[in-house]
Novice: 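Encoded as structure tokens, here's the structure I'll be asking about.
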Amino acid sequence: TELPTSLPTMLPTSMPTHPVKSTLVMHITANDAVTTSSMSELSNSIFGTNGNGYLSERFDSCSYGRLSLVPATGDNIVNGVGNITIDLDVSGIDRNVVLDAAMKKTNEKYATLAGSFDYVLFCLPFGTHDGTNTAWESYADMNDYISVYNDRWCKDPITLVHAIGTNLGLAPSYENGMQNLDQTGLMGFSSEENEAHEESPQMCFNAAKNWQLGLYSDRTITLDATLNEKFVDFGYSKDVQLFGLSDYQKATSGLITVRLELSASFYYVSLNTQNGINNETAAYGDQVLVHSTVGESGPSELLATLSNIDDVYTEVFERKSLSNGEIESYFLIIEVLTKYNPDPLHKDYNEMQGDSYAWAWVSIQVQKIDSPTELPTSLPTMLPTSMPTHPVKSTLVMHITANDAVTTSSMSELSNSIFGTNGNGYLSERFDSCSYGRLSLVPATGDNIVNGVGNITIDLDVSGIDRNVVLDAAMKKTNEKYATLAGSFDYVLFCLPFGTHDGTNTAWESYADMNDYISVYNDRWCKDPITLVHAIGTNLGLAPSYENGMQNLDQTGLMGFSSEENEAHEESPQMCFNAAKNWQLGLYSDRTITLDATLNEKFVDFGYSKDVQLFGLSDYQKATSGLITVRLELSASFYYVSLNTQNGINNETAAYGDQVLVHSTVGESGPSELLATLSNIDDVYTEVFERKSLSNGEIESYFLIIEVLTKYNPDPLHKDYNEMQGDSYAWAWVSIQVQKIDSPTELPTSL
């Protein structure tokens with residue numbers, strides 16, 4: 001919808017005033033122990049009697065004085081701290097037993113706790129246990145008034161905030177599904193394990209917690225898709241200007257938080273400016289954050305951190321239509337349009353002159369996803385019924401004798417390990433099996449070559465010598481003995497004796513150049529299965545495989561599987577290459593289709609939807625129709641969709657077995673990145689990409705949507721498929737859609 005020229009204040013012009021919270025801290029003396037900190041130390045640490053009390057200061061500052069924890073008053077209470085003596089030895093006693101005794105004494109001395117004070121903090125002497133050990137820190141119940149601390153933790157700033165936050169009904173903060181990893185707010189910031197620390201970060205709560213506490217409610221809007229049919233059924237777009245917590249009083253218009261109610265989930269969009277009261281936020285400073293909760297008071301999850309203009313977060317959600325009762329799917333799109341930070345060095349904003357402050361314009365859109373087309377009853381073969389036949393690759397392995405060292409493995413051991421002369425040679429077997437006999441590395445033949453292995457002697461001491469110097473000497477001798485290498489053999493593997501270095505140390509493993517014929521190994525690594533595959537794969541032009549931006553973490557294929565660091569191992573996993581590498585090698589090309597959005601205007605300009613049936617590599621010959629890989633060309637990136645069945649030739653895939661995988665490459669032969677693993681029906685991967693329109697030359701944005709529709713695996717225990725009868729095999733129906741994103745409305749000149 002069009003933006004209004006100005007945005008009215010959404011709620012009252014000031015935050016609601018919370019009641020002042022009367023807070024009592026209990027110092028405890030037992031028969032055998034006493035709370036380590038004195039009453040005055042506790043008062044100062046918590047309330048700042050003689051300085052800055054972190055607990056009360058944080059609540060006061062982050063609420064702009066509208067949520068205050070003040071020292072309780074009354075007889076026998078000094079600056080908010082009371083003292084009791086319990087007739088009990090606490091060493092080795094359950095903490096709840098000690099708490100019961102402390103509560104009884106406190107009730108006797110200070111009247112009934114419930115109703116007399118808003119919060120009571122019990123600082124138990126050290127020695128109690130939580131059922132297992134004495135190293136516990138604190139505990140508290142949700143929406144309660146009592147919190148309990150293990151001695152020194154009663155002074156720990158973050159422990160105090162966590163416990164009182166729990167009393168206030170605040171659940172933990174998660175990132176990547178792990179508790180207390182969301183360092184953007186106080187309920188996610190972690191204390192050091194088992195050791196009280198003096199860190200007192202100047203940071204506040206995240207947007208989900210602020211909303212729950214009612215903070216900044218005059219600068220919060222809620223967009224509710226659960227009640228408003230028009231909101232979603234016809235799409236929605238709104239641009240908002242966000243400010244950080246520290247600029248709440250400075251920026252007299254604009255928003256602190258946007259809250260979205262989508263189905264059962266709630267989303268919170270905020271700007272995490274790193275200044276003023278939030279100057280020491282522990283993560284993602286000056287970035288737009290997206291949090292979510294299930295229910296209004298559940299744990300929060302940090303979903304996205306958007307640091308740059310055009311950064312975008314997308315998610316698919318489902319909702320029952322109010323008009324027809326059907327379950328429909330929608331896109332949530334949150335995109336950073338513009339940002340401004342007048343102080344990139346995070347100088348204290350209080351020192352700044354005028355009305356400068358950081359802000360970000362953010363676009364929030366909801367768009368309906370068209371229903372997928374019906375599944376076809378059968379899928380025709382897309383290309384010829386067999387893969388193209390590759391030339392057989394003549395492969396020579398060189399055993400080397402130097403003046404002071406020799407390749408450790410004998411010629412027969414090398415031949416057996418690589419070619420399987422007397423058993424299973426992993427390198428040749430993997431290429432042969434994974435290509436169904438159409439990419440074969442066979443032992444070279446000729447004079448002085450035994451089962452693919454030759455032997456040379458070089459007049460050189462190799463210990464402490466650069467590996468390239470040794471390689472040059474070895475190549476010279478090999479050329480003399482076996483004719484010119486280039487053209488005589490497809491691949492030559494040089495197994496250097498141990499002792500050479502790579503410029504820094506002698507622990508290197510192997511190296512090879514892309515689209516070359518030579519690979520070089522550091523002695524024992526010439527027998528290591530995965531090292532061999534990586535090096536020959538590099539010769540074939542295969543780049544590394546990435547996951548989460550890190551090399552050799554994509555364990556779904558051989559170019560990502562890692563050898564153990566600095567130690568040759570005998571692991572020989574029965575797995576193959578990922579879909580991007582298979583496409584590059586031309587494998588399964590008769591069961592691969594390419595959807596090209598860069599040339600076909602209709603493909604994208606009017607949307608696109610295709611349902612495909614995917615099979616795994618091991619079922620290539622069994623499933624006589626269907627696809628092994630779907631490849632998409634979207635702008636400069638290529639995407640590969642496949643089913644990683646864990647059976648047969650791929651029985652030992654090291655990760656994400658029997659899941660639909662999405663890989664990408666930039667360019668046709670660049671490193672691959674594992675983008676998504678879809679394990680269940682209705683799992684979905686989404687991405688936004690841009691492309692220049694062929695009709696008008698403008699840059700336009702589109703959604704890529706990949707969704708698992710149905711799956712079937714006849715053998716959940718991954719029994720060898722060769723033992724199975726009939727034509728049973730695993731498959732998955734997958735929907736691939738492209739949808740245009742409506743252009744956002746122009747930014748208003750003022751808010």
Novice: Before giving the answer on side chain to side chain contact (heavy atoms under 4.5 Å, CB included), spell out for Glu687 and Ile706 the whole-Å C-alpha distance, their side-chain angles and the decisive distance to 0.1 Å.
Specialist: CA-CA 9 Å; Glu687 185 169 324; Ile706 300 170; over 6 Å; no
Novice: So, taking the atom named CG in Asp182 and the one named CZ in Phe189, what distance separates them when rounded to the nearest 0.5 Å?
Specialist: 12.0 Å
Novice: Does the plane of the ring in Phe205 sit parallel, tilted or perpendicular to the ring in Phe59? Use 30° and 60° as the thresholds.
Specialist: tilted
Novice: Of all heavy-atom pairs between Asn578 and Ser672, which one has the smallest distance, and what is that distance?
Specialist: ND2-OG, 3.3 Å
Novice: With a 4.5 Å limit on heavy-atom distance, are the side chains of Arg58 and Cys204 in contact?
Specialist: yes
Novice: Yes or no on side chain to side chain donor-acceptor pair (under 3.5 Å) for Asn278 and Ser246, after CA distance, side-chain angles and deciding distance?
Specialist: CA-CA 6 Å; Asn278 201 47; Ser246 299; over 6 Å; no
Novice: Just verifying a value: how many Å separate Ser307 OG and Asn272 CG, rounded to the nearest 0.5 Å?
Specialist: 12.0 Å
Novice: How many angstroms lie between CG in Leu632 and OG1 in Thr594, if you round to the nearest 0.5 Å?
Specialist: 8.5 Å
Novice: Are side-chain heavy atoms of Gln202 and Thr281 found at a separation under 4.5 Å?
Specialist: no
Novice: For a quick test of reading the model, state the closest non-hydrogen atom pair linking Thr665 to Ala580 and the distance between them.
Specialist: CG2-CB, 3.9 Å
Novice: Please report the shortest heavy-atom distance between Leu643 and Leu614, naming the atom on each side.
Specialist: CD2-O, 3.6 Å
Novice: Ignoring hydrogens and geometry, is there a side-chain-to-backbone donor-acceptor pair from Asn167 to Asp141 under 3.5 Å?
Specialist: yes
Novice: Could you walk me through whether Asp310 and Val336 pass side chain to side chain contact (heavy atoms under 4.5 Å, CB included), step by step?
Specialist: CA-CA 5 Å; Asp310 296 331; Val336 179; over 6 Å; no
Novice: Hey, are the side chains of Phe638 and Trp583 touching, using non-hydrogen atoms and a 4.5 Å cut-off?
Specialist: no
Novice: For a quick test of reading the model, state the closest non-hydrogen atom pair linking Gly298 to Lys209 and the distance between them.
Specialist: O-NZ, 4.1 Å
Novice: Report yes if the side chains of Tyr639 and Leu675 come closer than 4.5 Å at any heavy-atom pair, otherwise no.
Specialist: yes
Novice: Tell me, with the steps shown, if Leu674 and Thr556 meet side chain to side chain contact (heavy atoms under 4.5 Å, CB included).
Specialist: CA-CA 9 Å; Leu674 178 60; Thr556 66; 4.1 Å; yes
Novice: Rounded to the nearest 0.5 Å, what's the gap from CG on Leu215 to CG on Leu245? Could you check?
Specialist: 9.0 Å
Novice: Report yes if the side chains of Tyr268 and Asn210 come closer than 4.5 Å at any heavy-atom pair, otherwise no.
Specialist: no
Novice: Test side chain to side chain contact (heavy atoms under 4.5 Å, CB included) on Tyr284 and Glu175; report intermediate values, then the result.
Specialist: CA-CA 12 Å; Tyr284 309 117; Glu175 183 179 2; 2.8 Å; yes
Novice: Taking all non-hydrogen atoms of both residues into account, name the closest pair between His162 and Gly188 and its distance.
Specialist: NE2-N, 4.3 Å
Novice: For Ile46, does its backbone N or O pair with a side-chain atom of Ser56 as donor and acceptor, under 3.5 Å?
Specialist: yes
Novice: Closest approach of Glu673 and Asn548, non-hydrogen atoms and distance?
Specialist: OE2-N, 3.0 Å
Novice: Within this structure, what is the CG-OG distance for the pair Leu337 and Ser363, rounded to the nearest 0.5 Å?
Specialist: 5.0 Å
Novice: Around atom CE of Met550, are there more than 12 heavy atoms of other residues, nucleotides or ligands at under 6.0 Å?
Specialist: no
Novice: Do Leu170 and Leu213 come within less than 4.5 Å of each other through their side chains, counting heavy atoms only?
Specialist: yes
Novice: Please report the interatomic distance NE2(His663) to OG(Ser545), rounded to the nearest 0.5 Å.
Specialist: 6.5 Å
Novice: Aromatic ring centroids of Phe243 and Tyr248 under 6.0 Å?
Specialist: no
Novice: Can you list the steps and then say if Thr629 with Ser642 is a side chain to side chain donor-acceptor pair (under 3.5 Å)?
Specialist: CA-CA 5 Å; Thr629 303; Ser642 62; 5.6 Å; no
Novice: Counting C-beta onward and ignoring hydrogens, is there a side-chain heavy-atom pair between Val684 and Ile705 closer than 4.5 Å?
Specialist: yes
Novice: Using modelled atom types and a 3.5 Å cut-off, is there a donor and acceptor pairing between side-chain atoms of Gln241 and backbone atoms of Ala360?
Specialist: no
Novice: Does some side-chain heavy atom of Ile158 sit less than 4.5 Å from a side-chain heavy atom of Leu186?
Specialist: yes
